[in-house]
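Indexing begins at 1, ligand by ligand and atom by atom, following the structure's order. Numbering starts at 1 and runs along the sequence shown. In what follows, every heavy atom counts, from backbone to side chain, and hydrogens, waters and symmetry copies are set aside.
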Amino acid sequence: MAEYVGAIDQGTTSTRAMVFDHQGRVVAQHQLEHRQILPRAGWVEHDPAEIWQRTLAACREAFDGVELAALGITNQRETTVVWDRRTGRPLHNAIVWQDTRTDRIAEALDRDGRGGLIRRKSGLPPATYFAGGKLQWLLENVDGVRRAATDGDALFGTVDSWVLWNLTGGPAGGVHVTDVTNASRTMLMDLETLDWDDELLAAFGVPRAMLPAIRSSAEPAGYGLTSVPLGATRGGDGRIPLTAALGDQQAATVGQVCFAVGEAKNTYGTGNFLLLNTGTEPVRSTHGLLTTVAYRFGDEPAVYALEGSIAVTGSAVQWLRDQLHIIRTAAESETLALRVPDNGGVYFVPAFSGLFAPYWRSDARGAIVGLSRFDTDAHLARATLEAICYQSRDVVEAMRRDSGVPLDVLKADGGVTANDLCMQLQADILGVPVSRPVVAETTALGAAYAAGLAVGYWRDTDELRANWNESHRWKPTWSPRQRDEGYRRWRMAVERTLDWIEIGAG
Ligand code: ADP
């Protein structure tokens, strides 16, 4: 068996190729950014060809001379690509998960009664976030896409499919597949059958011919071999078996070894994504959460999760840096916020693209409330960090109501967890301890774990559990009264952001 396992983490802003050893430690990595294309307010696109080039370049750099037993891929979810199977060329830029151009499509689903069907079968509320509406938009608005799709020339995929198709040869026999976790974000898959559903396809007008085959997140037989050598393989030709694919948040759930019912993780990046393992039966949310597939290993039953997705958390810190210029680096949000003992009455709801879980209100827009003459940039920085935590509390409250399972400890990961004050505030605002693992790259690690499990590099999930080590734990310090009062004010602030814009106005 080769010494290492590789992972590709194709994220919203960059692509990382990483190499892990048997203890789950990072051995090598390379990261490359790609362009954010913003044609107009609310629209966010990526160039799929650029993503593929960056992915290949990152792999070649990170995997050079390294012997890999298997390769897993994890990716930004919901982002939608349509390409020509003969030329390998994208028919349009990818429409990114944050893009809100499909707000009219999403709203129409609820107005004409298709919303109930979609909720019941896909576990998702109608929203701009998911791939189905984005694909419908491409079919209806880009010349030639509908015809190419009906003729069988146009292929659809989320970014996992696009990268896997290219990695396995592209126009020269590339494999057109996706995994259950990515498929569970399209609004086109039935959560129970784990297959594309005719009624859902009809709701979005999507021809079945353009869809990838849905496979497990970890496949012992693999999806295929890389068509070109990306690293070394012992005695082989350098072509690595592709044995795992998972959406980024599901991969982080695996990387955080949340394999038991009731185990949860919260990833603090551009947005926040809290996933709670609910076992082999999908739990329907009545409090604004999503039901999604957490992972499926080989022929074992799929494991489901309840998910709270929050659109803007770390990106609110970027906004302080890039738009308001009150900090020069994201890390300065901490030093600035530490100049004041509390938020000075200021609450900031960063509903820049509406509110995701648990509200699902695309008519909301951001607000800073409670300002007085006394308040400073430091109070705003503090309110921004608190907003990250209060939005997570909203999701935790919904999860408790839906699942009946109280949270004992929150496992955290992602870029924002470098902010000690923010993590302390999270423990205070939730009233439960927050724990961060040693390996912060849980997303790539989860893809590597799934890929390695598929080929027997790791025997079972117990072996993975033994790799998990805590690096830090933050304990709650606020009194219950302080906690309740802060949360009450937060809810009042959220109320003030609702019903702000008209749907379709951007
Ligand atoms: P993603 O995978 O979504 O790109 P990362 O996990 O790399 O995100 O985290 C990046 C996000 O974390 C950025 O939005 C950035 O503003 C935020 N961030 C990074 N360091 C800090 C910090 N010290 N304090 C607050 N926010 C931070």
Side-chain angles (χ1 to χ4, degrees), residues 7-18 26 29-36 44 46 51 54 58 73-79 96-98 129 159 246-253 255-256 265-275 309-339 348 350 352-353 356 377-378 380-389 391-392 411-426 434 436-437 439-447 471-472 474:
I8 294 168
D9 176 2
Q10 201 307 295
T12 307
T13 55
S14 71
T15 308
R16 284 190 185 101
M18 302 191 68
V26 180
Q29 62 169 314
H30 195 72
Q31 181 174 6
L32 293 169
E33 296 198 353
H34 59 266
R35 279 176 308 139
Q36 304 296 313
V44 188
H46 293 158
I51 284 185
R54 296 287 186 275
I73 172 161
T74 176
N75 56 289
Q76 53 169 322
R77 306 176 300 175
E78 299 97 11
T79 298
V96 177
W97 60 274
Q98 300 142 319
Y129 183 25
V159 176
L246 302 95
D248 52 10
Q249 300 308 323
Q250 283 88 342
T253 307
Q256 287 268 33
K265 69 89 202 174
N266 199 11
T267 299
Y268 297 73
T270 310
N272 264 32
F273 300 88
L274 206 161
L275 271 78
S309 337
I310 306 167
V312 178
T313 58
S315 54
V317 174
Q318 288 172 322
W319 183 72
L320 298 183
R321 186 192 63 191
D322 302 337
Q323 255 83 0
L324 296 195
H325 307 289
I326 63 170
I327 51 175
R328 273 167 308 167
T329 63
E332 266 184 34
S333 62
E334 182 169 6
T335 37
L336 181 58
L338 278 168
R339 285 202 208 140
F348 172 26
F352 296 151
S353 44
F356 281 16
D377 53 353
L380 181 57
R382 198 162 180 117
T384 306
L385 299 182
E386 287 191 2
I388 296 175
C389 305
Q391 292 188 97
S392 293
K411 284 180 172 178
D413 54 64
V416 182
T417 62
N419 191 312
D420 199 52
L421 173 63
C422 189
M423 292 298 101
Q424 183 56 55
L425 285 167
Q426 184 68 87
V434 175
R436 188 183 59 203
V439 177
E441 300 295 347
T442 53
T443 305
L445 181 62
S471 85
H472 199 81
W474 293 268

Option nearest atom 6 (O) of ligand 1 (shortest heavy-atom distance, choices Ala440, Ala330, Gly415): Gly415

Best match, Asp413, Asn419, Leu385, Asn272: closest heavy atom to atom 24 (N) of ligand 1: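 The residue whose heavy atom sits nearest atom 24 (N) of ligand 1 is Asn419.
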
With the threshold set at under 4.0 angstrom, would you say [X] reaches ligand 1 through any of its heavy atoms?
X	value
Gly11	no
Thr12	no
Gln318	yes

Nearest-contact summary for atom 7 (O) of ligand 1 - protein heavy atom, Å: Arg16 NH2, 4.3 Å

Atom 23 (N) of ligand 1 [closest protein heavy-atom partner, distance rounded to 0.1 Å]: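 Result: Ala331 CA, 3.4 Å.
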
N or O pair under 3.5 Å between Gly314 and ligand 1: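 By distance alone, the answer is yes.
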
Approximate separation, where rounding is to 0.5 Å, of Gln318 CD and Leu324 CG: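 One finds 13.0 Å between CD of Gln318 and CG of Leu324.
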
Distance (rounded to the nearest 0.5 Å) between Met423 CE and Ile388 CD1: 7.0 Å

Part of Val416 with heavy atoms under 4.0 Å of ligand 1, whether side chain, backbone, both or neither: both

For ligand 1, the portion of Ser315 having any non-hydrogen atom under 4.0 Å away: backbone

Where ligand 1 meets Ser333 - atom numbers and elements under 4.0 angstrom, heavy-atom basis: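 Within the 4.0 Å cut-off of Ser333, ligand 1 contributes 24 (N), 25 (C).
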
Distance filter under 4.0 Å to Gly414 heavy atoms, resulting ligand 1 atoms: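 Heavy-atom distances to Gly414 below 4.0 Å select 6 (O).
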
Side-chain heavy atoms of Thr313 within contact of Gln391, under 4.5 Å: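 Yes, their side chains come closer than 4.5 Å.
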
Heavy-atom side-chain contact between Lys265 and Thr442 under 4.5 Å: no

With Asp9, the side chain to side chain contact (heavy atoms under 4.5 Å, CB included) member among Asn75, Ile73, Thr74, Leu445: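 When Asn75, Ile73, Thr74, Leu445 are each tested with Asp9, the side chain to side chain contact (heavy atoms under 4.5 Å, CB included) holds only for Thr74.
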
Atom 2 (O) of ligand 1 protein-contacted, heavy-atom criterion under 4.0 angstrom: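 It does not; no protein heavy atom is within 4.0 Å.
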
Aromatic ring pairing His46/His34, orientation class (parallel under 30°, perpendicular over 60°, tilted between): perpendicular

Phe348 and Trp319 aromatic ring geometry - parallel, tilted or perpendicular at 30°/60° bounds: tilted

Partner residues of Glu33 under the salt bridge (Lys or Arg N to Asp or Glu O under 4.0 Å) criterion, sequence neighbours left out: none

